[in-house]
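Structure record follows, encoded as structure tokens.
Throughout, numbering of the chain's residues begins at 1 and tracks the sequence.
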Amino acid sequence: MAKKYLVNGVEKEREELFNSAELAVIDRNQQLLNDIGYGDIDITLLTHIEREISQQKFYQIDPEKFVPFDKTQGGWADYITVLRSFVNAEGDLSSWERGVDADNARRGQVGAKLESVSLKLHNLAKMVSYSLFEMRQAQETGRWNIITEKERARKISYDISVQRAVLLGDDDHKGLLNQTDVPTDAAILTKKISSMTSAEFKTFLSTVFANFYAQTNMTALPDTLAIAPSDFLGLGVAVDEQYPVFTTMFQRLQDVFRQMTGNPNAEIVPLAYCEPEFHSGAYKYVLYRKNVDTLRVYQPYDYNVVQGATVDGMNYQNTAYARISDVFVNRPKEILYMTFDKE
């Protein structure tokens, strides 16, 4: 059944109000708006279009907040070779001792060796194209620029793709949360921090940083704890509800973190990719040193857009490109995964 419009108290169909050319413009504008997710929108010559256009929202976060980026190396090479030096310097004072007499007895020695690790750089590219028809028809709205919106969509796609690969990782990319060499502890946490009793919270504080320190052979302390936002947002409650004081669980956790590590900049940060829907129903937290010596991403070329061109004056296109590596973990023992099942 054709939709009717009330004009001066009389119901009329579209064909009675507009000619074929006008209807063609109306239908095309309808299609353009529906394509960007606005559902069924009636556009007629009697319709007022609001000045501002609502934009779709996405979960976006800067991966450089979690992982150091090296943007100075790699260029156009297929691989980056990372060199790591190892020394055999273990021993005690007895291994140094000798008598006062001259002799040629064999003495203890130290050793050193060099290891190389090859890290692949990924070539990224995506095109944007539009026709003269699309540009002209989009102008009918007076407010929506199809070129700007397609460029915006591509940049959002790039940002989301990079943040997901760098932070979560997948079968083809090693990220912050899917490294195979990083130790995993399933005993430190058995529930969300925000749902712990005061006794459980005290036990957690007394073990988490000590366990990390022991894991590194007493050579490093963490400076970053990434947890699920659903847990982070619940840390505003008192440490002990029976004896409420002006100290929240977040304040207490952050204070202990900074005091025990001696780092005033140590921080607890929310990360959506720690939520269970990304890890087969289990939460996955990460405690680590956010240091370029511990882990890093190589990105010799950030997001760049080449000059657009047309071959016929009717169709236009351009390409954006970038180059980036997986997350390289140089010191896996300076990262600790903590997992527990969803309650």
Side-chain angles (χ1 to χ4, degrees), residues 2-7 12-65 69 71 122-168 170 172-173 272-273 299-324:
K3 188 171 183 178
K4 293 186 177 182
Y5 300 85
L6 190 64
V7 180
K12 294 187 177 183
E13 294 185 358
R14 299 194 323 160
E15 290 74 11
E16 298 178 87
L17 296 171
F18 311 106
N19 60 38
S20 59
E22 292 170 333
L23 287 172
V25 172
I26 292 170
D27 290 340
R28 179 55 178 158
N29 285 339
Q30 179 72 66
Q31 180 183 348
L32 285 171
L33 289 170
N34 291 347
D35 285 346
I36 58 173
Y38 284 83
D40 186 17
I41 305 172
D42 289 316
I43 299 293
T44 74
L45 297 181
L46 303 179
T47 299
H48 169 74
I49 301 178
E50 189 180 39
R51 181 176 295 107
E52 298 297 330
I53 298 178
S54 298
Q55 301 287 357
Q56 189 175 358
K57 289 185 177 181
F58 302 88
Y59 174 70
Q60 291 180 268
I61 191 167
D62 184 2
E64 292 188 51
K65 183 178 180 181
F69 274 55
K71 300 184 179 183
H122 302 288
N123 296 321
L124 311 179
K126 187 167 283 190
M127 184 180 72
V128 158
S129 63
Y130 43 88
S131 69
L132 185 61
F133 290 123
E134 288 180 297
M135 289 189 289
R136 295 304 185 195
Q137 289 168 347
Q139 287 177 350
E140 297 295 327
T141 66
R143 292 164 175 79
W144 192 67
N145 187 317
I146 191 171
I147 301 174
T148 300
E149 288 306 305
K150 284 193 172 185
E151 292 286 352
R152 174 178 171 271
R154 180 172 59 186
K155 183 58 166 64
I156 291 174
S157 174
Y158 170 81
D159 289 342
I160 293 175
S161 299
V162 169
Q163 79 179 31
R164 188 181 179 93
V166 169
L167 300 178
L168 179 62
D170 54 41
D172 299 317
H173 305 91
Y273 299 121
Q299 189 182 39
Y301 288 96
D302 203 345
Y303 186 84
N304 288 276
V305 180
V306 301
Q307 181 67 43
T310 177
V311 295
D312 56 9
M314 177 60 69
N315 300 292
Y316 300 81
Q317 67 181 42
N318 67 55
T319 299
Y321 70 91
R323 306 197 78 223
I324 193 169

Exercise. Could you tell me whether Lys126 sits above the aromatic face of Tyr158, with NZ or CZ closer than 6.0 angstrom to the six-membered ring centre and within 45 degrees of the axis?
Key: no
Quiz item: Does Val128 reach the side chain of Val305, with side-chain heavy atoms less than 4.5 Å apart?
Solution: no
Quiz item: What residues form a ring-ring contact (aromatic ring centres under 6.0 Å, His included) with Phe69, not counting sequence neighbours?
Solution: none
Quiz prompt | Shortest non-hydrogen contact from Arg154 toward Met127 | solution = NH1-C, 3.8 Å
Self-check item: Counterpart residues, side-chain hydrogen bond (donor to acceptor under 3.5 Å, both in side chains), relative to Arg164 (two or more places apart)
Solution: none
Quiz item: Taking all non-hydrogen atoms of both residues, which atom of Ser131 and which atom of Asn315 are closest, and how far apart?
Solution: CB-OD1, 3.5 Å
Quiz prompt | Rounded distance [0.5 Å steps], NZ in Lys150 versus CD in Glu134 | solution = 4.0 Å
Exercise. Measure across Val162 and Pro63 and return the closest heavy-atom pair with its distance rounded to 0.1 Å.
Key: CG1-CG, 4.4 Å
Self-check item: Point-to-point distance, once rounded to the nearest 0.5 Å, from CD of Gln307 to OG1 of Thr319
Solution: 12.0 Å
Self-check item: From Ile146 atom CD1 to Met135 atom CE, the distance as rounded to the nearest 0.5 Å
Solution: 9.0 Å
Quiz item: Under the salt bridge (charged side-chain N to carboxylate O under 4.0 Å, His left out) rule, what pairs show up with a residue in residues 302-322, not counting sequence neighbours?
Solution: Lys71-Asp302
Practice problem: Check side-chain hydrogen bond (donor to acceptor under 3.5 Å, both in side chains) between Asp62 and all other residues, then give those that pass, not counting sequence neighbours. | Solution: none
Practice problem: Calculate, to the nearest 0.5 Å, the distance between atoms OG1 and OH belonging to Thr310 and Tyr316 respectively. | Solution: 5.0 Å
Quiz item: Got a sec, which residues hit side chain to side chain contact (heavy atoms under 4.5 Å, CB included) with Asp170, two or more places apart in sequence or on another chain?
Solution: Asp172, His173
Quiz item: Once you round to the nearest 0.5 Å, how far does CD of Gln299 lie from NE2 of His122?
Solution: 12.0 Å
Self-check item: Side-chain touch Asn318/Glu151, heavy atoms, less than 4.5 angstrom
Solution: yes
Exercise. Determine whether Ile156 and Arg152 make a side-chain contact, defined as any pair of heavy atoms from C-beta on separated by less than 4.5 Å.
Key: yes
Self-check item: Partners meeting side-chain hydrogen bond (donor to acceptor under 3.5 Å, both in side chains) with Gln163 (sequence neighbours left out)
Solution: Tyr273
